[in-house]
Protein chains: 2
Amino acid sequence: MSKRVSLKDIAENVGVSIALVSYVMNGQEKQKRVGADVVERIREVARELNYKPNQIAQSLRTGSTKTIGLIVGDISNPFFGNIARVIEDEAIKHGYTVIFGSADEDLHKSASLVETLINRQVDGFIIAPAEGTSLQIKALQEKKTPLVLIDRYFDEVPTNYVVLNNFDASYDAITHLIGNGYRRIGMIAYQSTLIHMQERIRGYKEAMSDNNLKNAIRIEEVRYDYINSDMEKAMHKLMDGKNKIDALFFATNALTISGLYLIKKLNLKIPEDLAIIGFDGNAAFDFFSTPLSYIEQPIEEMGVEAVRVLVEQIDGSDEIANIQLRHTLIKRGSSL
Amino acid sequence: MSKRVSLKDIAENVGVSIALVSYVMNGQEKQKRVGADVVERIREVARELNYKPNQIAQSLRTGSTKTIGLIVGDISNPFFGNIARVIEDEAIKHGYTVIFGSADEDLHKSASLVETLINRQVDGFIIAPAEGTSLQIKALQEKKTPLVLIDRYFDEVPTNYVVLNNFDASYDAITHLIGNGYRRIGMIAYQSTLIHMQERIRGYKEAMSDNNLKNAIRIEEVRYDYINSDMEKAMHKLMDGKNKIDALFFATNALTISGLYLIKKLNLKIPEDLAIIGFDGNAAFDFFSTPLSYIEQPIEEMGVEAVRVLVEQIDGSDEIANIQLRHTLIKRGSSL
DNA sequence: TTTGTTTGTTTAAACGTTTAAGCATATTTT
DNA sequence: AAAATATGCTTAAACGTTTAAACAAACAAA
């Protein structure tokens, strides 16, 4: 890579000190009263040599990298890909760039990513925390690192967060199913202590209880790393035997997709054999034999708010923002 | 954000010079013959204070940021999301982190991203170049910036690239359709001069010509920014009237999805009314009324190779690598 | 004429590293 | 005992910025 042009090069070329060049490049020629002719010449030479400031040097000197560290579960997961895109755009609007990492819902990968990003001196973090990372998050918080959690948070660690109101979303979905006459409603969730999952489960349970269906509650949990095999077992548990369910609620997009493959394989009629509500919109939902009802998250808003709150924190605010956003229940054939 | 621990802090604490601390932190205590007891104490204090090297300072001093700039069309597009994931993992393996940006296939966004990343002193670029960016790419190339293009490249600018053998892929898909008895085969592509699109088109044309179907060639082009409305017009052109097609080949994943929405709306029977081959696998393809045949790209390999070649370039190689990867044609109901 | 102010510029330190060079002191070789 | 070498450490410069402080020259006010 050929040598980059520095302030020094311009200074030597014009025959002035580095300071003057710096002033001019930063538009401070008025306050620092640089001579008009010198301003002119510096500008000219800078253009000629195609000067680009070295952000690394700037960062070292100013202590700010104008960089946001984004840690999600997996950037190739549509939910995270979409939110990453929103965050990217918002970050740029605020003058930041983003460095991202996928933690695969893994404690150690997450720790390693946090360390890498800290070493790179990011100005702040946006994190969808993996299970068991509450200590990592707490440590960041204690070092007063600007931080916003998305999608999930920890009750025991007070931090900024921007999440879906998962309880409401679940409650709404289940109430809708009950309203349409379904009674034996099951749910398939990830095996996880993370709050977004627990809240989605709580919403399901409470909606069932509030409708005198407490006895009909049937939850199956699936491990993140064995989603397809566990899904098969779960479905069989719920669908086999005389007590089989008549409606099924999936707790995430990936779970929904995985479940749909099975449902297709089992040749179930939707919603006659089984009504379904999934999570997060998706072209796949639209093309399924019966278009799927689902809970839509306000991804755009989530990303926008996350960046807004983070930038406020970076700028010195110490108010904690806890933001819960509202879902939209998209009702279609699969839950009629 | 609380002040970070530096080499100086450790040095003062132990009562030695900064240089010694640096040597120990870099594992050079043998070559630089640091006293065994001092090594011990430095290690201890570093652990106690939880020292983390400031990568910004390291970068400034060493001239290497260990950072890769990744520019794609749109990170929320599954193809790019998936390849970004692979690139991320590979980069980490090589000791790099990635800064990404979505250029939205836009010349100016691309220019602005390149500038931002240059200012951030990335060690090299992986770029899926947007239409009309050949001058940007050429400029990078001339400054000897390590660079690998993916998905597309420019014939007129010799660079490293890792792409699909798009001609072969298209040719194979069309040959397969012809083999199954289809003759009036249409194609819907993006309006673009980019090589990947041109090659896909060329593959289609040549397969048609080679089978004496030159007269049956029907290509409709769709604008990236008006995909859905243009798609509607294109479909009508191809499907209305007496000369209507009996098979359709889509040139990208997004085009396929957009087309499928219309096909569903028009209630066409697949493959009876229209056979279809799409691009890039997708859950949506699996759930469509008839499972879709499609061209699968070796995304994993593409990402792995791109990073490998880039790191070689960063390490000083000046061999130009032009890598064309082979597709897999997934044959299913939609093209029977 | 002296003093004070304005204008335009330079100097130098700092950010946190890395690393070549220098410098004592101790140890080995003659 | 002198010379040579080895050992263990410090000094200082450099990377490219930003910016407070110093300074000189020109001009204005007393």
Side-chain angles (χ1 to χ4, degrees), chain A residues 1-43 45-46 49-67 118-123, chain B residues 1-43 45-46 49-67 118-123:
Chain A
M1 192 141 44
S2 57
K3 204 200 152 286
R4 305 267 323 269
V5 176
S6 70
L7 291 182
K8 197 174 163 198
D9 297 321
I10 301 179
E12 279 169 1
N13 199 300
V14 176
V16 295
S17 71
I18 294 179
L20 277 200
V21 182
S22 174
Y23 294 146
V24 172
M25 296 325 283
N26 289 301
Q28 305 183 304
E29 63 272 8
K30 284 280 174 296
Q31 312 128 59
K32 305 290 182 176
R33 11 171 236 260
V34 182
D37 49 329
V38 173
V39 171
E40 187 76 0
R41 264 156 60 226
I42 289 177
R43 288 247 170 74
V45 173
L49 301 184
N50 191 25
Y51 170 75
K52 298 276 160 52
N54 181 327
Q55 251 240 223
I56 294 293
Q58 288 180 325
S59 295
L60 181 59
R61 164 69 213 216
T62 62
S64 150
T65 55
K66 288 285 172 184
T67 302
I118 290 235
N119 293 357
R120 282 175 190 272
Q121 315 287 120
V122 297
D123 290 338
Chain B
M1 192 137 48
S2 57
K3 204 204 151 283
R4 303 271 321 273
V5 176
S6 70
L7 290 181
K8 197 176 163 195
D9 298 319
I10 302 179
E12 280 169 2
N13 198 300
V14 176
V16 295
S17 71
I18 294 178
L20 277 200
V21 182
S22 174
Y23 293 148
V24 172
M25 296 324 284
N26 289 302
Q28 305 184 302
E29 62 272 9
K30 284 279 173 296
Q31 312 126 61
K32 304 290 180 174
R33 13 170 231 257
V34 183
D37 48 331
V38 173
V39 171
E40 187 77 0
R41 268 157 57 228
I42 289 176
R43 287 247 171 76
V45 173
L49 300 184
N50 191 26
Y51 170 75
K52 298 275 160 53
N54 182 326
Q55 250 241 223
I56 295 293
Q58 288 181 325
S59 296
L60 182 59
R61 165 67 214 214
T62 63
S64 149
T65 55
K66 287 281 170 188
T67 302
I118 290 237
N119 293 355
R120 284 176 188 271
Q121 314 287 121
V122 297
D123 291 339

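Values below: all heavy atoms of this structure, side chains included; hydrogens, waters and symmetry mates excluded. Here is the naming used below: chain letters follow the sequence lines, and residue numbers restart at 1 for every chain.
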* More than 12 heavy atoms from other groups under 6.0 Å of NZ on B:K30 -> no

* Asked: A:Q58 side chain N/O closer than 4.0 Å to the phosphate oxygens (OP1, OP2) of D:dT18?
  -> yes

* Separation of D:dT7 P from B:Q28 CD (nearest whole Å) -> 17 Å

* **Flag if over 12 foreign heavy atoms under 6.0 Å of CD, A:E40** => no

* To do: Let me know, please, whether B:K3 or A:V16 comes out on the 5' side of the other along DNA chain C by nearest nucleotide.
  => A:V16

* To do: Evaluate side chain to side chain contact (heavy atoms under 4.5 Å, CB included) for B:Y51 paired with B:L7, printing each intermediate quantity in order.
  => CA-CA 8 Å; B:Y51 170 75; B:L7 290 181; 3.4 Å; yes

* To do: Take the protein atom OH of A:Y51 and the nucleotide atom P of D:dT18, then report the distance between them rounded to whole Å.
  => 6 Å

* Asked: Pick the nucleotide of DNA chain C nearest each of B:R33 and B:A57; which residue has the one closer to the 5' end?
  -> B:A57

* To do: Identify whether any heavy atom of A:K32 sits under 4.0 Å from a base atom; if not, whether one sits that close to sugar-phosphate; answer base, sugar-phosphate or nothing.
  => base

* Take atom CG of A:D9 and atom C1' of D:dC15, then tell me their distance rounded to the nearest Å. => 13 Å

* Figure out the CG/P separation between B:N54 and D:dC15, and round it to whole Å. => 18 Å

* Asked: Taking the side chain as C-beta and beyond, is there a heavy-atom pair between A:V38 and A:L20 under 4.5 Å?
  -> yes

* Structure fact -> From the candidates C:dT18, D:dT17, C:dT9, the one with an atom nearest any side-chain atom of B:L7 is C:dT18

* Donor-acceptor pair, B:R120 side chain versus A:T65 backbone, under 3.5 Å? -> yes

* To do: Please tell me which of B:T62 and A:S22 maps to the more 5' nucleotide of DNA chain D, matching each residue to the nucleotide holding its nearest heavy atom.
  => B:T62

* Atom-pair distance (CZ on A:R41; P on C:dG8), nearest Å -> 14 Å

* **A:Q55 CD - D:dG16 P separation (whole Å)** => 15 Å

Please tabulate, one pair per line, each protein N/O and nucleotide N/O from nucleotides 11-14 of chain C that are separated by under 3.5 Å, including the distance.
unit_1 : atom_1 : unit_2 : atom_2 : d
C:dA14 : N3     : A:R61  : NH1    : 3.1

* Flag, side chain of B:T62 to backbone of B:Q58, donor-acceptor distance under 3.5 Å -> yes

* **Distance in angstrom units between B:D37 CG and D:dT7 P, rounded** => 15 Å

* Give a yes/no on whether any side-chain N or O of A:N26 is located under 4.0 angstrom from OP1 or OP2 of D:dT18. => yes

* Verdict with supporting geometry, A:T67 and A:Q121, side chain to side chain contact (heavy atoms under 4.5 Å, CB included) -> CA-CA 8 Å; A:T67 302; A:Q121 315 287 120; over 6 Å; no

* Asked: Once you round it to whole Å, what is the distance between C1' of D:dG8 and CD of B:Q31?
  -> 15 Å

